[in-house]
Amino acid sequence: MRVRFAPSPTGYLHVGGLRTALYNWLLARQSGGTFILRIEDTDRTRFVADAEEDIVDSLEWAGLDVDEGPETGSYRQSERTALYDAALARLLEEGNAYIAFDTPEEIEQMRSRLATDTNPNPRYDWSTRSHMKNSLTLGTDEVALRRERGDPFVVRLRVEPGAEVLFTDIVRGDVRFRTDDVDDQVLMKSDGLPTYHLANVVDDHDMRISHVIRGEEWLSSVPKHVLLYQALGWETPRMAHLPLILSPTGGKLSKRNADKQGIPVFVREYREAGYEPSALLNYLALLGWHPESEQEVFSLEGLVDTFSLDRVGPSGVQFDMDKLAWFNGQHIRMRSPEEIAKSQMEALKKAYGDVDEERAVQAARLMHERMAIASDLVGFEYLFKAPSDWDEAGVRKRWKDDSARLVQTYRDALMDVQEWTAEQLEETLRRVTGQHDVGAGRLIHPVRLAVSGVSHGPGLFDLLVYLGRDAVCERLERAVNALG
RNA sequence: GCCGCGUUCGUCUAGGGGUCCAGGACGCCGGCCUCUCACGCCGGUAACACGGGUUCAAAUCCCGUACGCGGUACCA
């Protein structure tokens, strides 16, 4: 099995693109096949300089390793023009393509001239090409003259009406189009570069791609591709068109649309936000695919073992940040505190100056169950510095009239604790509350508030152990003074 | 407009003629655990788009309608 992920460097890698890459990669890995990265950079007007780098980095971050790609050979379409030119020459020679000199303005004029209510958008096709300036209408002398003169031209696929193109999509089953509805697609633009349709067919053939797995937006152009394969006498690869990822309000998950929903569209944004790549992948895998069992949480390896194209559904799917967050929580709990801490060292240092890695690991251990995302670790300020103030609502609820006295008593008692362990700290606390004839909670809550500034968090005694005697006593002291 | 693809809880989905007064997951709502918050566990809420057929029997097959999405570029 040879599959490819073929993004165009017109922007950063999109989450939808990552899912397409994932499905391709999964199939390659489980079949012992080859995963190819091909850069479709035939549109010079929309080229984004750092897009390819982002695509490569994002795939690497996700753990989808590339077997063949720009790093290993000529896998950028801009480097493969000789191949397209050869295909073009053959199509032209055999009458399956023709040259057209119409300027964009002239085509526009044709469209507005021919537009009617029932056909508001006339195509350049079998029914209109006889009114246009092309090698089918112009006569050989005129064509030769224009070419000599250097008139700009494009090459178009010659699609004749009256036939049917039928193909079997792995996800959707049999799909058929009439050639009457297929336009004479431009194969080579006037800048000499091929369009996607030509380059894609030539490359898939040349790279011996066995399965084309891509988004549903390509389904309508399949007939053009099939016609090209036929004209070139090549075998058509198997195809699977994946359901599109939609925004929660419906419609394509475009940058604009998604931003409004608070959904990042670029993979790099998930990386920057601190998501677990395995969680993103897990979520994306389930977006359109369902395993035979009811298992939902998968490692990447688990997906390799379980994934199959015939359990991919055909209908569009809405992106759900809440569910992604849940997957992230599942995956973060599968990782060790050591790994989590390590991944956050840079951010920690940025926020708090020099942070000891072992210290960060302890913090991660403490907060493991409470993190939705690894970057949350940085947000637990009180683990790395004393609170500067105390949550107002928390104070109102937990800081009673006797709190200062109790906390002060506990603080004094802590000075005498032999071993700074959770057991001893708890024992000490219960002794204090016992002496004052109040419940333990009466002291636990104020102490937590005093040392952390907030009224929620890890088990109090684990927290005190983590903070250490000096910090705890100092924080208790400050709180008593401030809160009275 | 035309062409194509789709339509089961709010969302992701299971299901492919009887085992489905439709199962799981997220979310939401209760509860348990508990020093808080999380985690975890238990329970609840909620769906076969509509109309015709076919059949003893339809969420499942067929047709139509509606709706959604994609395409309709010298963009991919």
Side-chain angles (χ1 to χ4, degrees), chain A residues 6-11 40-43 45-46 100 102-104 107-108 111 115-124 152-156 169 171-173 175-178 180-183 185-197 199-200 214-223 241 243-244 246 248 250-252 283 286-297 311 313-327 329 333 367-372 394 397-398 426 429 439-445 447-449 452 454-461:
Chain A
S8 108
T10 51
E40 310 229 328
D41 56 348
T42 53
D43 185 352
T45 61
R46 293 201 305 156
D102 318 270
T103 63
I107 294 174
E108 200 33 62
R111 283 198 229 275
T116 62
D117 283 350
T118 52
N119 183 15
N121 202 8
R123 285 185 293 261
Y124 198 123
F153 66 93
V154 301
V155 175
R156 286 181 180 271
D169 185 272
V171 172
R172 283 148 224 286
V175 180
R176 67 182 71 224
F177 288 82
R178 279 175 299 280
D180 307 52
D181 299 320
V182 179
D183 67 328
Q185 179 63 48
V186 170
L187 300 176
M188 187 200 84
K189 298 172 279 176
S190 55
D191 64 4
L193 288 176
T195 57
Y196 171 84
H197 302 93
N200 155 262
R214 79 247 279 191
E216 195 192 346
E217 71 265 33
W218 295 110
L219 194 62
S220 325
S221 24
V222 171
H241 288 87
L244 256 23
L246 310 172
K252 225 174 174 174
Y283 173 65
L286 271 304
L287 215 50
W289 169 78
H290 195 272
E292 279 184 59
S293 73
E294 284 186 335
Q295 184 181 349
E296 305 246 20
V297 178
R311 292 191 66 85
S315 34
V317 290
Q318 294 187 18
F319 198 91
D320 180 358
M321 283 302 277
D322 285 343
K323 191 144 189 182
L324 203 215
W326 178 78
F327 275 108
R333 260 151 244 131
M367 305 310 289
H368 204 184
E369 312 263 275
R370 265 155 279 257
M371 281 189 259
K397 184 164 181 206
R398 302 296 192 186
E426 177 161 9
L429 182 137
R442 192 74 168 208
L443 183 48
I444 286 173
H445 296 299
V447 170
R448 185 199 325 282
L449 189 62
S452 72
V454 293
S455 48
H456 50 83
L460 179 66
F461 305 107

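Naming: A, B, ... by sequence-line order, numbering from 1 per chain. Every value quoted in this text rests on a predicted model; they were computed, and no experiment measured them.
- Rounded to whole Å, the P atom of B:U7 lies 32 Å from the corresponding atom of B:C42.
- Counting only heavy atoms from C-beta on, A:Leu219 has its side chain closest to B:G4 among B:G40, B:G4, B:C35.
- With P as the reference atom, B:C41 and B:G24 are 15 Å apart, rounded to whole Å.
- Between A:Arg176 and A:Gly316, the residue anchored closer to the 5' end of RNA chain B is A:Arg176, taking for each the nucleotide with the nearest heavy atom.
- Side-chain contact check for A:Trp289 versus A:Val317: every heavy-atom pair is 4.5 Å or farther apart.
- Phosphate proximity of B:A76 to A:Lys189: present, with a side-chain N or O under 4.0 Å from OP1 or OP2.
- Rounded to an integer number of Å, the gap from CG of A:Asp117 to P of B:C2 is 11 Å.
- At B:A73, one or more side-chain N or O atoms of A:Asn121 fall inside 4.0 Å of OP1 or OP2 (strictly under the cut-off).
- B:C48 and B:C12 have their P atoms separated by 16 Å, with the value rounded to a whole Å.
- The side chain of A:His290 lies closest to B:A14, out of B:A14, B:G4, B:A76.
- In this structure, B:A73 makes no Watson-Crick or G-U wobble pair, since no nucleotide meets both defining distances under 3.5 angstrom.
- Here B:A76 is the nucleotide among B:G71, B:A76, B:G10 with the atom lying nearest to any side-chain atom of A:Arg46.
- Set against B:C35, B:A76, B:U36, the side chain of A:Tyr196 has B:A76 as its closest nucleotide.
- Here the side chains of A:Asp191 and A:Pro152 are not in contact, with every heavy-atom distance at 4.5 Å or above.
- Look at the P atom in both B:C26 and B:C21: the space between them is 25 Å, to the nearest Å.
- Taking atom C1' in both B:G15 and B:G4, the straight-line distance is 26 Å, to the nearest Å.
- Between A:Lys323 and B:G24 there is no side-chain N or O to OP1 or OP2 distance below 4.0 Å.
- Side-chain contact between A:Pro243 and A:Arg172: present, with at least one pair of heavy atoms (C-beta onward) separated by less than 4.5 Å.
- No side-chain heavy atom of A:Val182 sits less than 4.5 Å from a side-chain heavy atom of A:Arg123.
- Among the nucleotides B:U11, B:C39, B:C2, the one closest to the side chain of A:Asp181 is B:C2.
- Across all strands, A:Glu296 comes closer than 4.0 Å to base atoms (heavy-atom distances).
- Counting any heavy atom pair closer than 4.0 Å across all strands shown, A:Leu460 reaches a base atom.
- Within 4.0 Å (heavy atoms only), A:Ser190 reaches at least one base atom of the nucleic acid.
- The base-pairing partner of B:U34, taking Watson-Crick or G-U wobble contacts with both distances under 3.5 Å, does not exist among the strands shown.
- Distances shown here put a side-chain N or O of A:Arg156 below 4.0 Å from the OP1 or OP2 atom of B:C74.
- With hydrogens and angles left out, the side chain of A:Arg448 and the base of B:C35 share a donor-acceptor pair within 3.5 Å.
- A:Gly457 comes within 4.0 angstrom of a nucleotide base, judged by non-hydrogen atoms across all strands.
- With a cut-off of 3.5 Å on both Watson-Crick or G-U wobble distances, the partner of B:G64 is given as B:C50.
- The separation of B:G17 from B:G40, taken at their P atoms, amounts to 37 Å, rounded to a whole angstrom.
- Remark: A:Thr42 is in phosphate contact with B:A76, judged by side-chain N or O atoms under 4.0 Å from OP1 or OP2.
- Across all strands shown, B:C9 has no partner, as no Watson-Crick or G-U wobble contact with both distances under 3.5 Å is found.
- For A:Arg370 against B:C37, a side-chain N or O and a base N or O form a donor-acceptor pair under 3.5 Å.
- Listed for the A:Arg448 side chain is a donor-acceptor partner under 3.5 Å among the backbone atoms of A:Pro458.
- Of all nucleotides listed (B:G6, B:A14, B:C5), B:A14 comes nearest to the side chain of A:Arg311.
- By the 4.5 Å heavy-atom criterion applied to side chains, A:His241 and A:Arg214 are counted as neighbours.
- Straight-line distance between the P atoms of B:C50 and B:U60: roughly 10 Å, to the nearest whole Å.
- A 4.5 Å side-chain heavy-atom check between A:Val175 and A:Val222 finds every atom pair outside the cut-off.
- Within the 4.0 angstrom heavy-atom criterion, no nucleotide atom of any strand lies near A:Pro223.
- The residue among A:Trp326 and A:His445 whose nearest nucleotide of RNA chain B lies closer to the 5′ end is A:Trp326.
- Note on A:Val154: a base of the nucleic acid sits closer than 4.0 angstrom, heavy atoms only.
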